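This report refers to the structure that appears directly beneath it.
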Amino acid sequence: MNKSHLLYFLFLALFAASCSNTKYLPEGELLYTGATLKVEGNEISKKEKKALKTALKDILRPKPNSTILGLRPKLYIYNIAGTPKKEKGFRYWLKTKVGEPPVLYSKVDLEYSKSVLQNFSENSGYFNTKTTADSTRHGKKATAEYSVKPGKQYKIREVKFPTDSSVISSAVRRTSRRSLLKKDNGYSLDIIKLERIRIDARLKEKGFYYFNPDYLKVQVDSTVADHQVDLIVKVKEEAPKLAEIPYKINKIIVYPNFSIGSDSLKPNYNSIKKYNDFTIIDPENLFKPRIFDRTLYFKKEDLYNRTNHNLSLNRLVNLGTFKFVKNQFKPSDTLGNYLDAYYYLTPLPKKSLRLEVLAKTNSANYTGTELNINWSNRNAFRGAELLTISAFGGIEVQVSGLNNGFNVYRFGTEANLVWPRFVSPFKFRSSSGFVPKTKATLGYEFQNRLKLYSLQTFKGSFGYLWKASEKKEHLLNITEITYASPQNVTSLYQEQIAGNPSLGKVIEKQLIFGPTYSFTYTNTLEKRRKNTFYYKGTIDLAGNITGLATGANIKKGDTIKVFDVPFSQFIKIENDFRHYLKLGPDSQLASRIIVGAGFAYGNSNELPFIKQFFIGGTNSLRAFRARSIGPGSYDGSATASSFLADQSGDLKLEFNTEYRAKIYGLVKGALFIDAGNIWLLHDNPEKPGAKFSKKFMNEIAVGAGAGLRFDFSFLILRTDLAFPIRKPYLPDGQRWVLDQINFGNGTWRKENLVFNLAIGYPF
C-alpha cells in the first residue's frame with residue numbers, strides 16, 4: 001500500500017467514525033458541536049478583548065462532547081455500548097463510566113445564553129454591551145454563534161466607606177485599608193461580592209458574631225464622570241441590632257461524651273466539673289479536663305473572633321479521638337453582650353484492631369507487599385493519648401533490572417505512644433490549628449536477605465511533632481537510637497567480601513543515637529496555583545555530644561564502645577526540593593532536586609551503612625538498578641556479582657523531571673529524565689574514582705524513559721520503561737551512549753532496558 005492509499009484509508013476511517021456518532025441520534029435531533037464567540041468593536045483594546053473572550057467562553061453552556069483530534073471517542077463508546085440489560089456488568093460500566101451521552105442541540109437555549117453573556121459583560125463594567133446569537137446546521141450537527149460588542153469599561157473613581165460614628169460603621173470603616181475595591185480598577189460585580197465577604201471576615205475577628213455579608217450593600221453612582229463610577233459601602237438599615245454589636249465569651253461548656261438521642265445534655269450534679277474557665281460535663285469520667293484547656297482557644301471575657309473559633313474546632317478534630325465535633329454559640333443570660341460556647345464531642349471507639357495488606361516501595365527502591373496488624377487505644381491514659389502496637393511481615397523484591405532471587409523478607413513489631421501535647425519540663429503554647437504532639441517509639445525488625453545475611457534491628461525514639469500551619473511541619477526527635485546486629489551470614493556473602501572488602505561494612509554491628517530534625521513545607525494542596533512547591537530538609541546529628549565528652553578519635557585509636565559496639569558519630573544533611581508546574585487541567589511538569597551530604601568524624605571514619613546515600617531504582621534513577629550507580633565513576637559490577645548492588649556514598653546529587661499528562665480515563669502517561677550520582681568524601685583504594693572532585697559533573701549518570709500510571713483513586717499503579725543515556729562508569733569521553741540506542745537489537749534491550757513496577761508517583 002503506497003502513501004496516498006494509506007492517507008485515503010485513514011480519511012475514510014476518520015469520516016466513518018465521525019458519521020457513526022450521528023446515526024444513533026433520536027429522530028429530529030442534532031448533535032451540538034460547540035459554539036463560536038466573537039468579541040467585536042473598537043471600544044476596548046486587544047488585550048481586554050482576549051481576556052473578556054476567555055471569560056465568556058468559560059460560562060457558555062452546555063459544553064459539547066469531548067474531542068481528540070476532531071473525534072469523539074467517549075461518545076462513540078457510549079453509542080456502541082448500546083442499552084445494558086442490567087445496571088451492572090461490563091457494558092453498563094462502559095456506557096456510564098467510560099462513555100459520554102450525546103449533547104443535543106435541543107438543549108441549547110440561544111436567548112438564555114445571550115442574556116448570560118450580556119449580564120456577565122455588564123457585571124464586568126462593560127455597561128453598553130450589545131449581544132447577538134445565531135446557529136448554523138451542518139447535516140446532523142449544529143453550532144451556536146455568539147457576537148459580543150462591548151462598550152468602554154467603567155472604572156472606579158472613588159470608594160466611600162461609612163462616615164457615621166456608630167459601632168458597626170466605625171468597624172466597617174477600619175477595614176478599608178485592605179479593600180479589594182481599588183481606584184482606577186474596572187467595575188466588577190464579582191469583586192464587589194468578594195469585598196462584602198472580606199469585610200464580614202474582618203468583622204468576625206472583632207466580635208461581630210451575628211453579622212453576615214448580606215447586611216452590606218455597595219451603591220453604584222455612574223453619573224459622576226464619563227465612564228467612571230463611585231462606590232458607596234453602607235450597612236443596610238434593615239440589618240438586625242444583634243449584628244451591629246461585638247460579643248465576648250462568657251461560659252464555655254464541653255460535652256466530651258455526647259451522643260445524639262441520649263440524655264448526655266441532662267447531667268446530674270456530680271458529673272459537672274469546673275476547670276479554670278471551662279465547665280466539663282463528663283458523667284463517665286472519660287477525659288481529663290486539662291485536655292480542653294490546652295485545645296480550646298477561647299477563655300472567659302475573650303472577644304469572639306472567627307480565627308479562635310476555627311482553631312479550636314481544628315484542634316479538637318486533630319486530636320484524633322472524636323468522631324464528631326459540633327460547636328454552638330448562644331446568647332448568654334448574663335448582663336452585657338456575651339455568648340456561651342457549647343462543644344458537643346462524640347468519641348471514636350476507644351480500642352480498635354485493624355488488618356492491612358499494603359503494596360509499597362521502600363526507600364531502597366524495592367517493591368513488595370506487607371501485612372500489618374495494628375491495635376490502637378485512642379485514649380490510653382484519659383488524656384487523648386494514642387497508643388498503637390503493630391506487628392508486620394512482608395517481602396520486598398527488586399523488580400527493576402536483574403534479581404536472581406535475592407529478595408528481602410522482613411517481620412517485626414513496633415509500639416508508638418503519642419501525647420497530644422509537648423511532654424517537657426518547659427511550657428509551650430502553639431497558636432496553630434494543629435495540636436502539637438509528643439511521640440515515643442520502640443521497635444524491632446528482623447530482615448533476611450535470602451542467601452546472603454540477616455539483620456536484626458532495635459530502634460527507639462522520643463520527639464516532638466508540630467505543624468505551624470497547613471504548609472509547614474516540624475519533626476524534632478530529641479533522641480533516636482538504632483542498634484543493628486547481623487546474623488546468619490552465608491559463605492556466599494563471605495566470598496563476596498573476600499573480593500570486595502567494603503561489603504563487610506554492610507554486616508557490621510552498628511549503634512547510632514542522637515537528635516534528628518526535619519522541616520517540611522508544601523503548598524501542593526492549592527490546586528488552583530500554577531506553580532506549587534514541596535521542600536523537606538533533614539539534619540541528623542549522631543553521637544556528637546558523647547563523642548565530644550569522651551574525646552573519641554578513631555584516627556588516634558581512641559574508639560569508644562557502648563555495649564561493646566563503637567557508636568557512630570556523624571553529621572548528615574539532606575534537602576529534597578520539588579516543583580510542580582501546571583500546564584493545563586490534565587498535565588503538569590514535575591521536577592525534583594535532592595542534595596545530601598554526610599560527614600563522619602570523632603568515633604567514626606565513615607557513615608554507618610544504613611545512613612549512607614544510595615541512588616538508582618524505581619523512585620530514583622529509573623534507568624539503573626537500585627543502589628547500582630556510583631560512587632563517582634566506580635563500576636561496582638567489576639568486583640561484585642550482578643545480584644549484589646549495594647553501592648553507597650557520603651554525598652548525593654539527584655535531579656528528576658517528568659512530564660505528566662492524562663491519556664484517557666484513568667490512564668495517565670509520563671516522559672522523564674533522571675540524572676545524578678553519589679560520591680565518597682575520602683579516597684577508597686577499593687573503589688577507584690569514587691571520591692568527590694571538581695570534575696563531579698562529568699560523573700553524572702543520566703537516564704530517560706516513558707511510563708504509564710493507572711489511577712484507581714485508592715491506588716496508583718506505575719509502570720516505567722527506562723534506558724541509560726549516560727553511564728558514568730565508562731571511560732571518560734565515552735560516557736554518553738545516545739548513539740548506541742537501538743530498540744530493535746535484542747542484546748541492547750537486554751543490557752539497557754529497565755522495567756520498573758511501583759506503587760504511587762516517584763515524587
Side-chain angles (χ1 to χ4, degrees), residues 353-376 386-399 403 405-418 439-463 465 475 477 479-490 493 503-516 518 538 540 542-543 562-568 570 572 607-614 617-619 626-627 644-646 648 759:
L353 185 66
R354 184 176 62 188
L355 178 67
E356 294 178 316
V357 179
L358 304 175
K360 56 182 289 186
T361 301
N362 72 5
S363 59
N365 296 315
Y366 285 81
T367 298
T369 57
E370 183 175 287
L371 178 68
N372 282 350
I373 301 175
N374 298 291
W375 177 84
S376 299
L386 174 61
L387 174 63
T388 304
I389 300 174
S390 62
F392 59 87
I395 178 174
E396 295 170 355
V397 181
Q398 183 177 346
V399 296
N403 185 307
F406 298 94
N407 301 329
V408 178
Y409 295 87
R410 51 193 292 270
F411 64 85
T413 183
E414 184 173 286
N416 292 285
L417 180 60
V418 178
K439 183 178 181 180
T441 299
L442 286 174
Y444 167 79
E445 179 180 319
F446 181 84
Q447 185 181 109
N448 181 27
R449 191 163 186 179
L450 204 62
K451 304 178 185 179
L452 302 178
Y453 57 82
S454 300
L455 283 176
Q456 56 178 351
T457 305
F458 300 88
K459 63 180 180 179
S461 64
F462 180 86
L465 306 88
L475 170 59
N477 277 330
T479 184
E480 187 174 298
I481 304 170
T482 303
Y483 172 73
S485 176
Q487 287 186 339
N488 307 322
V489 180
T490 66
Y493 193 74
L503 296 178
K505 300 294 183 181
V506 178
I507 56 170
E508 286 184 347
K509 288 186 177 181
Q510 297 173 4
L511 178 61
I512 307 167
F513 55 85
T516 63
S518 68
T538 305
D540 194 340
V562 178
F563 302 117
D564 203 32
V565 180
F567 67 85
S568 297
F570 63 85
K572 180 183 175 183
L607 293 176
F609 182 76
I610 61 176
K611 291 291 184 176
Q612 289 181 329
F613 294 103
F614 307 92
T618 55
N619 289 341
R627 302 184 175 197
L644 198 58
D646 263 334
S648 59
I759 307 300

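Position 1 is the first residue of the sequence; numbering continues from there. For clarity, every value in this text was computed on a predicted model and none was experimentally measured.
- Aromatic pair F411/F392: ring centres not closer than 6.0 Å.
- You'll find the side chain of I373 reaches within 4.5 Å of the side chain of L353, heavy atoms only.
- Distance check: T516 OG1 to N477 CG gives 4.0 Å after rounding to the nearest 0.5 Å.
- Here K509 pairs with nothing under the salt bridge (charged side-chain N to carboxylate O under 4.0 Å, His left out) rule; sequence neighbours left out.
- For the pair S390 and N372, the minimum side-chain heavy-atom distance is 4.5 Å or more.
- Residues satisfying the side-chain contact (heavy atoms from CB on, under 4.5 Å) test with Q456, not counting sequence neighbours, are Y444, F446, F458, S485, Q487.
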Does the side-chain contact (heavy atoms from CB on, under 4.5 Å) test come out yes or no for T441 and E414, once each step is laid out? CA-CA 7 Å; T441 299; E414 184 173 286; 3.9 Å; yes
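- With rounding to the nearest 0.5 Å, the separation of OG in S376 from CG in L386 is 5.5 Å.
- With sequence neighbours excluded, the residues satisfying side-chain contact (heavy atoms from CB on, under 4.5 Å) with P515 are L541.
- The two residues T538 and S518 come nearest to each other via the heavy atoms OG1-CB, 3.7 Å.
- With hydrogens and angles ignored, the 3.5 Å screen pairs a side-chain donor or acceptor of K572 with a backbone N or O of K611.
- Residues S568 and F513 have side chains not in contact (no heavy-atom distance under 4.5 Å, counting atoms from C-beta outward).
- Interatomic distance, L607 CG to I512 CD1, rounded to the nearest 0.5 Å: 9.0 Å.
- Under the rule for a side-chain contact (heavy atoms from CB on, under 4.5 Å), the partners of L417 that lie at least two apart in sequence or sit in another chain are F381, E385, L387, W419.
- For F609 and F614, the ring centers are positioned less than 6.0 Å apart.
- The two residues T482 and T457 make their nearest non-hydrogen contact at CG2-CG2, 3.7 Å.
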Decide yes or no on side-chain contact (heavy atoms from CB on, under 4.5 Å) for L450 and Y409, but give the supporting numbers first. CA-CA 7 Å; L450 204 62; Y409 295 87; 4.0 Å; yes
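- You'll find the side chain of R410 stays beyond 4.5 Å of the side chain of N448, heavy atoms only.
- You'll find the side chain of V506 reaches within 4.5 Å of the side chain of Y493, heavy atoms only.
- You'll find the side chain of L355 reaches within 4.5 Å of the side chain of L371, heavy atoms only.
- Distance check, rounded to the nearest 0.5 Å: CZ of F570 to CD of Q612 gives 10.0 Å.
- Residues forming a salt bridge (charged side-chain N to carboxylate O under 4.0 Å, His left out) with K439 (at least two apart in sequence, or on another chain): none.
- Atoms CG and CG, on L511 and D564 in that order, are 11.0 Å from each other to the nearest 0.5 Å.
- Partners of L442 according to the side-chain contact (heavy atoms from CB on, under 4.5 Å) rule, which considers only residues two or more places apart in sequence or in another chain, do not exist here.
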Step by step, work out the side-chain contact (heavy atoms from CB on, under 4.5 Å) result for K451 and T490. CA-CA 7 Å; K451 304 178 185 179; T490 66; 5.5 Å; no
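- We find the CD1-CD distance between I610 and Q510 to be 5.0 Å, quoted to the nearest 0.5 Å.
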